[in-house]
Amino acid sequence: MYDLSGKRIVVTGGVTGIGGAASRALAEAGAMLLAQYWSGGPELAAFEEAGIATIKLDLTTPGAAEEVMRQAMARLGGLDVLINNAGGMVERRNLVDFDDALYDQVLDLNVRQLFACCRAAAQLMQKQGHGNIINVTSIAAKGGGSAGSSVYAGTKGFVSAFTKTMAKELAGDGIRVNAVSPGTIHTAFHDRHSTADKLEATRRTIPMQRLGVAEDCAGTFVYLASDKASGYVTGQVIEVNGGQLMA
């Protein structure tokens, strides 16, 4: 059921953090992977050893989404699954101090590039007559983010609603669209944007009494990428949060 042999998958932000864990799990399940990244380190050597192709590309630049699709066609021979994981908060800043330049940065990173990748992938998948798009949203899309993350949380609300609307539009083309919504997953994201005290306070609110790690999300991507396992699942936002949010 979870054998992904022959599946051609692109993962944006696919080398580090949640995206990196997803790429490794999908490759272990037999998929052919192309992992986009903009910043990476020692993980790249491990990806090469595992046979996972990578592409360094700034998705916020014009034409980047179309280039990802061209690379998928050239290096994978097509595209069956697109996982839109790339995104970020940029920095914590309270609303009253938020300027237009930072606003544009956050929207470029979390909305515009994801929209462009979804559009380019959908155009390709419509020609194929099948496809699968998996977006990454956040627990903040439902409950709001903590102080200093209002615009980031708003962009994730967009991702969740956009996912559901795309699922309705594209179902007739044989394209499924879902989203994974991580809770507080302790990756470099929180090393940059959250203090140890804040993370500990959050941990105490989680029924499972621990923060997540990137690998906790990986199985959900494998499930959604498998037509045998999730072929009747579309328009869903799957929460992965240790019980932090139950809704």
Side-chain angles (χ1 to χ4, degrees), residues 1-37 40 43 46-47 50-55 59 68 72 76 78-88 110 113-114 117-118 121-122 125 130-141 156 159-160 162-164 166-167 170 175-189 211-242 244-245:
M1 183 171 287
Y2 297 101
D3 181 0
L4 299 179
S5 298
K7 285 287 187 185
R8 301 160 298 182
I9 302 179
V10 167
V11 184
T12 70
V15 171
T16 60
I18 291 171
S23 293
R24 292 189 295 271
L26 293 161
E28 288 172 6
M32 296 183 290
L33 264 292
L34 175 61
Q36 175 275 337
Y37 73 100
E43 300 90 354
F47 271 46
I52 301 174
T54 60
I55 174 175
L59 289 178
V68 170
L76 303 179
L79 177 65
D80 299 305
V81 184
L82 169 66
I83 297 175
N84 283 307
N85 172 71
N110 295 295
Q113 64 83 13
L114 181 140
C117 286
C118 285
M125 290 172 178
H130 66 88
N132 186 347
I133 297 173
I134 305 167
N135 295 322
V136 177
T137 181
S138 166
I139 191 173
K156 291 303 185 179
V159 172
S160 295
F162 184 56
T163 295
K164 295 173 184 179
M166 279 200 302
L170 298 174
I175 302 169
R176 295 191 294 119
V177 189
N178 293 286
V180 177
S181 177
T184 305
I185 309 297
H186 197 169
T187 64
F189 176 98
L211 302 177
V213 295
E215 288 72 19
D216 287 323
C217 300
T220 306
F221 291 103
V222 175
Y223 163 72
L224 289 173
S226 168
D227 294 325
K228 288 184 179 179
S230 62
Y232 195 52
V233 177
T234 196
Q236 303 305 306
V237 177
I238 299 181
E239 306 287 344
V240 183
N241 59 44
Q244 186 178 358
L245 171 70

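Remember, predicted model here, so these are calculated numbers, not experimental data.
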Inset, instruction - Let me know which of Asp80, Leu76, Ile55, Leu33 forms a side-chain contact (heavy atoms from CB on, under 4.5 Å) with Val10. - result: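 Answer after filtering Asp80, Leu76, Ile55, Leu33: Leu76.
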Inset, instruction - From the options Asn85, Val159, Thr163, select the one residue that forms a side-chain contact (heavy atoms from CB on, under 4.5 Å) with Val136. - result: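 Testing each of Asn85, Val159, Thr163 against Val136, the sole residue satisfying side-chain contact (heavy atoms from CB on, under 4.5 Å) is Asn85.
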Do you know the tightest heavy-atom contact between [X] and [Y]?
X: Leu170; Y: Ala122; value: CD1-CB, 4.0 Å
X: Ser23; Y: Gly14; value: OG-O, 2.8 Å
X: Ile185; Y: Ala214; value: CG2-N, 3.5 Å
X: Asn241; Y: Gly183; value: CB-CA, 3.6 Å
X: Asn110; Y: Gly88; value: ND2-O, 2.7 Å
X: Tyr2; Y: Tyr223; value: CE2-CA, 3.9 Å

Enter the distance from [X]:[atom1] to [Y]:[atom2] here, rounded to the nearest 0.5 Å.
X: Ile52; Y: Glu28; atom1: CD1; atom2: CD; value: 8.0 Å
X: Cys117; Y: Asn84; atom1: SG; atom2: CG; value: 5.0 Å
X: Thr137; Y: Glu239; atom1: OG1; atom2: CD; value: 8.0 Å
X: Thr16; Y: Phe189; atom1: OG1; atom2: CZ; value: 12.0 Å
X: Ile9; Y: Leu79; atom1: CD1; atom2: CG; value: 9.0 Å
X: Leu82; Y: Met125; atom1: CG; atom2: CE; value: 5.5 Å

Looking only at atom types and distance, does a side-chain atom of [X] sit under 3.5 Å from a main-chain N or O of [Y], one as donor and one as acceptor?
X: Thr54; Y: Ala35; value: no
X: Asn132; Y: Leu224; value: yes
X: Glu43; Y: Gly20; value: no
X: Gln113; Y: Ala86; value: yes

Can you confirm whether [X] sits close enough to [Y] that some side-chain heavy atom of one is under 4.5 Å from a side-chain heavy atom of the other?
X: Asn178; Y: Ile238; answer: no
X: Phe162; Y: Leu114; answer: yes
X: Val237; Y: Lys164; answer: yes
X: Arg176; Y: Ser230; answer: yes
X: Phe221; Y: Val11; answer: no

Legend entry - Carboxylate-amine/guanidinium proximity below 4.0 Å for Lys7 and Asp227: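 Salt bridge: yes.
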Legend entry - Check against side-chain contact (heavy atoms from CB on, under 4.5 Å), Phe47 and Arg24: CA-CA 8 Å; Phe47 271 46; Arg24 292 189 295 271; 3.9 Å; yes
Inset, instruction - Show your working on side-chain contact (heavy atoms from CB on, under 4.5 Å) between Leu26 and Val222 and close with a plain yes or no. - result: CA-CA 6 Å; Leu26 293 161; Val222 175; 4.1 Å; yes
